[in-house]
Q: 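Attaching a single structure in structure tokens format; questions to follow.
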Amino acid sequence: MADIKITFPDGAVKPFANGSTTADVAKSISISLAKKAVAGKFNGELVDYEAPLTEDGKIEIVTKDTPEGLTVLRHTASQVLANALHQLYPEMHFGQGEASDDGFSFDTDNADHQVSSDDLPAIEAKMKEIVKANLPISREVLAEADALKLVDGDPYQTQLVKQAAAANDGQVAVYRQGDFVDLSDGVQMPSTGDVKIFKLLSVAGAYWEGKSSNPMLQRVYGTAFFNQKDMDADDVRRKEARERDHRVIGNDLDLFFVDPKVGAGLPYWMPNGATIRRTIERYIIDKEIQHGYEHVYTPVLMNLDAYKTSGHWEHYREDMFPPMDMGDGEMLELRPMNCPSHIQIYKHHIRSYRELPLRIAELGMMHRYEKSGALSGLQRVREMTLNDGHTFVAPDQIQDEFKRILNLMVEVYADFDIKDYSFRLSYRDPKNTEKYFANDEMWEKAQKMLKGAMDDLGLDYVEAEGEAAFYGPKLDVQTKTALGNEETLSTIQLDFMLPDRFDLHYVGADGEEHQPVMIHRGLVSTMERFTAYLTEMYKGAFPTWLAPHQVSIIPVSEEHQGDYAEKLRKQLAAAGVRVTVDDRNEKMNFKIRDAQTHKIPYTLVVGDKEKQDDTVSVRRYGHDESTSEASKDFLSDVLNDIASYSREN
RNA sequence: GCCGACUUAGCUCAGUUGGUCAGAGCACCGCUCUAGUAAAGCGGGGGUCGGAGGUUCGAAUCCUCUAGUCGGCACCA
């Protein structure tokens, strides 16, 4: 057989015997590379390390230190987990395994004994046996009929075989490790012995195929690494994520609480949390007004008919609080969103094209009956206040307005020092269009318009089908919570539907009536979610302008310098600084420690020396040393710090 | 909503196979010490062990139901 030509990433081309493997190629380059290699990437496709290459192509060696290498390892770990489960529970039905950014998982269904976290040690022990046995892993391709025989009536596997066969000319790939054979579409390590560093983490339910109408399987989660150092670092990362969790910090810093006896998902803002929220609220209102928004207040209760007209009742009835029957035929609804309210504002006057874009904004309190399992701290609640805004534009103003909103958003993010986010264009699901407002032309046009605007601005984004609102496509800004869950922070949504349903119009230059387009937009999400987000981002160490307590004054001796401390407090407070004197009957060290654990940006220690010179000894949060400053200078420093949204904390 | 685990003082947690097991630290209150950059000392108050049933001579501990929390899944206008 003729040699095949292998092209390397640097462009070099070398002949290899037909049927050579990635391993052969790697070894030909260097022994050290072969040691690090776990798989190949041949013509852009991940291939097994020992898979024969039978045509010309470009190769990349996938090594242990790449994300792809880690995925290969975790795929293998997932298969080892499946093997262990199979040995421990022969009757168990198997769903799918997965490798993720975080680790790996495998789904199972066992009628007699559902796997629970108590079983993890035994499963892990069995996995260790399999790893120790160092079983070679090989890929085999079977005909559909043989694959079906192999899975022996397992309902989930049978379905997977059929799907795989349908997608691949009746061929189904399986991986064998010892006697255990399993379906897998992922490239794997050469041997079970390669899965040296791993552990199981948790068990949780997961719907088969991700559909809530399907049965629920038990998903075992674990993680795996190539070396102990990375595993240890991952442990630390998980631990730090928990410390960053806004629910933990919210409790430690006394920001908010939720009392299940009073109502799940109904948060109470303690003074500290309320101060942060108030600061955010004042900031965003001022910012929006500067940018041409008109801020309004509208009722939290509204006639149910408005939500029937908007379509929300039809789409979200289950997630709304039940309407109040007032007894005389009137039905009042706790509003789940603010659009109809702002539409009322729009409709209150005859609108001229000269008024457009008309920007209506509100910190609108809304209530949604979120499913109990969805509730989480301040991130998912049943009463929330949304930084909401609706701009009403003429059709030819859409793109400009979209860009304006985006610019405003970027400005706001900069003020909060938010850097870690990504854009997602959310389209309707083309396979499931009945969920959405029925107007194909509108969807096509609107989606194209959003994409065009993003491309014009040169911004990177991912496109997500099925993530649109029922009335239109949107641009979402995605961030991550401390625990790594994705959440939407900002959103800009195009809406051609509500203006039609509510019969909105404006008088054009031609004297005729025209229909406006609505753009729904939220910059900083709800006060609840945004506060949670900031708490996690800053790890509770809020920058001075947001910190509930900005300055703590500690007299060395209350008796001797108490009057000076109080004089300083008055000066600072009069300038608008949130300042307290710590006059408790405690030692100075205790109070300094207390100020630090409460993450107060500035601690001022004042003793006889400071009193005499009218100075302060300043210690910033997180710093070990202190500096001496004239009290006047300190005041101007703090004020400057606040005014500039300084991020030093 | 679904699967699983969990729920003991304001907070974080101990409580072995049901039998002085109702505890600790922090916080809180009181007293003493008047402090120079991350916890002074002593003393005190505080919980019908999430709730409701049940088993038992006896339940924080076992069973059932229920609420909530957590981890996921689904949902997220």
Q: Just to verify, what does A/Asn110 make a side-chain contact (heavy atoms from CB on, under 4.5 Å) with, not counting sequence neighbours?
A: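 Here the qualifying residues are A/Tyr89, A/Glu91, A/Met92, A/His113, A/Gln114.
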
Q: Mind running a 4.0 Å heavy-atom check of residues 519-532 of chain A against RNA chain B and sending the residues that fall below it, in number order?
A: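 Those residues whose heavy atoms fall under 4.0 Å from RNA chain B, taken from residues 519-532 of chain A, amount to none.
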
Q: Please encode protein proximity along nucleotides 29-35 of chain B as a string of B, S and -, counting only heavy-atom distances under 4.0 Å.
A: ---BBBB

Q: Mind checking side-chain contact (heavy atoms from CB on, under 4.5 Å) for A/Thr615 and listing every partner two or more places apart, or none if nothing turns up?
A: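 A/Thr615 satisfies side-chain contact (heavy atoms from CB on, under 4.5 Å) with A/Glu610, A/Asp613, A/Ser628 once adjacent residues are dropped.
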
Q: What pairs with A/Phe590 under ring-ring contact (aromatic ring centres under 6.0 Å, His included), at least two apart in sequence or on another chain?
A: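 Once residues adjacent in sequence are excluded, A/Phe590 has no partner under the ring-ring contact (aromatic ring centres under 6.0 Å, His included) criterion.
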
Q: So, using ring-ring contact (aromatic ring centres under 6.0 Å, His included) as the criterion, who are the partners of A/His315 when residues are at least two apart?
A: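 Testing A/His315 for ring-ring contact (aromatic ring centres under 6.0 Å, His included), a comparison that skips the adjacent residues, returns A/Phe470.
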
Q: Stacking between A/Tyr471 and the base of B/A77 (centre distance under 5.5 Å, interplanar angle under 30°)?
A: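 No.
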
Q: Which dot-bracket string describes RNA chain B (Watson-Crick N1-N3 plus N6-O4 or O6-N4, or G-U N1-O2 and O6-N3, all under 3.5 Å; [ ] crossing; | other strand)?
A: (((((((..((((.....[...)))).(((((.......))))).....(((((..]....))))))))))))....

Q: Any donor-acceptor pair under 3.5 Å joining the side chain of A/Arg335 to the base of B/A77?
A: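 Looking at the base of B/A77, it does not pair with any donor or acceptor on the side chain of A/Arg335 (distance under 3.5 Å).
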
Q: Check nucleotides 3-10 of chain B against the protein and report each pair of N or O atoms closer than 3.5 Å, with its distance, or say if there are none.
A:
{"unit_1": "B/C3", "atom_1": "O2'", "unit_2": "A/Gln218", "atom_2": "OE1", "d": "2.5"}
{"unit_1": "B/C3", "atom_1": "O2'", "unit_2": "A/Gln218", "atom_2": "NE2", "d": "3.1"}
{"unit_1": "B/C3", "atom_1": "O2", "unit_2": "A/Gly205", "atom_2": "N", "d": "3.1"}

Q: Could you pull out all residues at least two apart from A/Asp245 that satisfy salt bridge (Lys or Arg N to Asp or Glu O under 4.0 Å)?
A: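 Partners of A/Asp245 under the salt bridge (Lys or Arg N to Asp or Glu O under 4.0 Å) test: A/Arg247.
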
Q: Is there a side-chain polar atom (N or O) of A/Arg247 under 4.0 Å from OP1 or OP2 of B/C70?
A: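 Checking A/Arg247 against B/C70: at least one side-chain N or O falls below 4.0 Å of OP1 or OP2.
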
Q: Establish whether the base of B/G1 is bridged to the side chain of A/Tyr207 by a donor-acceptor pair shorter than 3.5 Å.
A: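 Such a pair exists between side chain and base.
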
Q: Listed by chain and number, what are the ring-ring contact (aromatic ring centres under 6.0 Å, His included) partners of A/Phe94, not counting sequence neighbours?
A: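 If we apply the ring-ring contact (aromatic ring centres under 6.0 Å, His included) test to A/Phe94, skipping adjacent residues, the hits are A/Phe106.
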
Q: State which residues pass salt bridge (Lys or Arg N to Asp or Glu O under 4.0 Å) with A/Lys199; sequence neighbours excluded, sorted by chain then number.
A: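 For A/Lys199 the salt bridge (Lys or Arg N to Asp or Glu O under 4.0 Å) partners, ignoring immediate neighbours, are A/Asp235.
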
Q: Who pairs with A/Tyr346 by ring-ring contact (aromatic ring centres under 6.0 Å, His included), at least two apart in sequence or on another chain?
A: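 For A/Tyr346 the ring-ring contact (aromatic ring centres under 6.0 Å, His included) partners, ignoring immediate neighbours, are A/Phe392.
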
